[in-house]
Number of protein chains: 2
Amino acid sequence: MRSLLTGVQAQKASNVLADRLREGILTGALAEGAPLPNERALADMSGVSRASVREALRLLEVEGLVRTRSGRGGGSVPHLPGADMLERSIRLFTRGQRVRFGALLETRSAIEPQLARLAALNRTEEDLARLAQIQARFEDDSVGVSAWTHMNVDWHLAVVVASRNELLIGIWKAVSSLMHEATGLEEPYNLPEVRVAVRRVHRRILDAIQKGDGEAAARRMARHLDAYVAHIKPQAPPDLEV
Amino acid sequence: MRSLLTGVQAQKASNVLADRLREGILTGALAEGAPLPNERALADMSGVSRASVREALRLLEVEGLVRTRSGRGGGSVPHLPGADMLERSIRLFTRGQRVRFGALLETRSAIEPQLARLAALNRTEEDLARLAQIQARFEDDSVGVSAWTHMNVDWHLAVVVASRNELLIGIWKAVSSLMHEATGLEEPYNLPEVRVAVRRVHRRILDAIQKGDGEAAARRMARHLDAYVAHIKPQAPPDLEV
DNA sequence: CAATTATTAAAGGTCAGACCTTTATTGACT
DNA sequence: AGTCAATAAAGGTCTGACCTTTAATAATTG
């Protein structure tokens with residue numbers, strides 16, 4: 001008797017509505033960009049109060065599934081969750097779990113070589129063109145350390161994007177963003193010999209990507225990251241938290 | 001003149017309150033498990049209405065930072081976001097971005113060898129004991145395919161947990177959970193020769209982990225996953241979406 | 001006529017207060 | 001002691017008013 005009735009648990013109205021809207025958005029029934037009815041109309045249509053409608057919309061907003069704007073012409077529009085949402089939740093996870101800075105390094109070292117491998121296998125001509133263009137910008141040695149670091153980020157991002165694996169790309173973006181926050185972008189790119197070495201290894205990695213040699217791309221990227229870790233690790237105390 | 005006034009943007013009351021509570025929880029000022037004041041009290045204390053308090057709590061709930069229960073003795077208690085939260089958001093991301101099933105396989109293949117390497121370096125005696133215990137259960141060949149699959153999941157989870165990298169562990173859990181949903185756990189563990197092969201490679205991986213040989217552990221795990229991919233890939237249409 | 005400025009309307013944001021539902025505790029009655 | 005009813009404490013919901021933000025429109029003016 002008891003077991004028959006467990007699990008019925010009256011769902012909260014806002015959750016029920018949020019579930020429906022979420023499914024609609026994820027399946028595409030509610031097209032991205034096409035505004036939802038306003039809150040009062042949703043309340044009338046769904047038979048729940050406006051307060052509950054608002055809670056449902058708030059759930060979806062936090063999940064990255066709608067964007068809400070005030071004022072005339074505002075409202076809630078469906079939006080597919082992207083890398084920014086992933087970054088937010090990975091940030092919360094790392095802060096909440098007190099994840100070590102070293103764990104971020106390990107994560108990046110785990111995935112970026114694979115991203116390089118996939119880039120070698122899946123890159124398009126446009127990818128190669130963009131990579132070549134970014135690589136060319138490295139030749140200018142007159143730029144400051146900040147600009148150089150940004151170029152470096154752009155280079156890695158371009159490689160990563162060429163992999164065509166959206167999930168790994170999203171994770172990579174989140175992790176490297178957290179890393180850059182933690183290091184304050186204070187990377188060792190002021191030393192001329194470091195710049196020369198980075199330029200050379202970047203060239204070799206691109207070479208492998210261009211030739212479609214996934215193994216070489218992965219191997220070289222792994223070594224490149226090991227060198228980076230060797231540079232950065234001594235500066236960060238072992239128990240640094242993000 | 002214009003530029004002086006941009007960015008002031010009156011924050012919503014619920015967001016301000018949520019931000020404060022979030023910081024309190026993440027910094028530990030609001031201890032996990034110690035219940036927050038009830039909604040009416042929070043409203044009085046913060047000077048905003050109960051509706052706004054509720055919205056703030058709802059934000060935090062979706063972020064996995066509080067758990068809320070109804071009824072007497074209920075209320076909202078702080079809670080540090082864990083792997084379950086990460087899994088929810090990775091699930092939303094994969095569905096929203098229409099991530100291919102193959103991308104999940106690639107992600108797992110990217111991180112699990114590194115997890116095995118870290119396990120070899122960081123495993124404790126307890127980890128080894130648990131792994132040995134799980135390995136022993138594999139010797140019993142009479143179990144059904146479902147039980148065998150569960151054992152297999154347990155084995156991989158135990159390896160992964162031994163790595164002591166909470167971020168990679170969280171990502172691994174999320175990805176493998178999504179994979180199992182997509183495949184419906186219909187894995188090829190009914191064939192005796194597959195079972196023998198899996199048992200053997202598991203043994204060799206554990207061997208490397210026990211010896212602290214990270215390279216071997218990573219290499220063997222990578223091969224093991226390649227074999228798994230080779231088994232599973234033909235069954236899944238290339239454009240299968242999660 | 002064109003540029004600016006006021007007005008209005010449409011939406012979300014907030015509030016107050018009542019009432020409902022769920023759940024744990026307490027107490028009364030076997 | 002065990003069961004069942006009453007109570008209390010919390011979240012959940014509803015209503016309806018009002019405030020604030022923002023875009024569109026109308027009025028004004030150089």
Side-chain angles (χ1 to χ4, degrees), chain A residues 1-21 25 30 33-79, chain B residues 1-21 25 30 33-79:
Chain A
M1 182 59 186
R2 171 70 69 81
S3 63
L4 271 178
L5 298 179
T6 54
V8 289
Q9 60 188 4
Q11 275 277 24
K12 288 194 294 186
S14 51
N15 279 338
V16 174
L17 180 56
D19 287 348
R20 292 208 194 165
L21 292 173
I25 293 168
L30 297 170
L36 298 178
N38 69 48
E39 295 180 350
R40 280 136 180 122
L42 278 174
D44 287 348
M45 292 162 46
S46 62
V48 301
S49 75
R50 196 182 150 210
S52 298
V53 169
R54 282 180 59 79
E55 281 205 359
L57 290 174
R58 244 33 203 316
L59 293 198
L60 298 177
E61 198 177 8
V62 176
E63 292 177 345
L65 288 166
V66 303
R67 296 279 173 84
T68 300
R69 278 182 15 203
S70 315
R72 181 172 183 164
S76 297
V77 302
H79 185 268
Chain B
M1 183 55 185
R2 172 70 66 79
S3 62
L4 270 178
L5 298 180
T6 54
V8 288
Q9 62 190 2
Q11 275 276 27
K12 289 194 292 186
S14 51
N15 279 338
V16 174
L17 180 56
D19 287 348
R20 292 208 195 164
L21 292 174
I25 294 168
L30 298 170
L36 299 177
N38 69 50
E39 296 181 349
R40 280 137 180 121
L42 278 173
D44 286 349
M45 291 163 47
S46 63
V48 301
S49 75
R50 197 183 149 207
S52 298
V53 168
R54 282 181 60 79
E55 283 205 350
L57 291 174
R58 245 34 204 314
L59 293 198
L60 298 177
E61 198 175 8
V62 176
E63 292 178 344
L65 288 166
V66 303
R67 297 276 173 84
T68 300
R69 277 181 16 203
S70 314
R72 179 170 183 165
S76 298
V77 302
H79 186 268

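All figures in this text were calculated on a predicted structure; none of them were measured in a lab. Chain letters run A, B, ... following the sequence lines, proteins first and then strands; every chain starts at 1.
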Q) Could you run down nucleotides 5-14 of chain D 5' to 3' and tag each one B, S or - for protein heavy-atom contact under 4.0 Å? A) ---BBBBBBB
Taking all heavy atoms of [X] and all of [Y], pick out the closest pair and write down the distance.
X: Ser14(A); Y: Ala56(A); value: O-CB, 3.4 Å
X: Leu30(A); Y: Pro78(A); value: O-CB, 3.9 Å
X: Asp19(B); Y: Gln11(B); value: OD2-NE2, 4.4 Å

Distance-only donor-acceptor pairs under 3.5 Å for side chains of residues 41-49 of chain A, two or more places apart:
residue  : atom : partner  : partner atom : Å
Ser46(A) : OG   : Leu42(A) : O            : 2.7
Ser49(A) : OG   : Ala51(A) : N            : 3.4
Ser49(A) : OG   : Ser52(A) : N            : 3.4

Q. Taking it one step at a time, do Leu36(A) and Leu57(A) satisfy side chain to side chain contact (heavy atoms under 4.5 Å, CB included)?
A. CA-CA 10 Å; Leu36(A) 298 178; Leu57(A) 290 174; 4.0 Å; yes
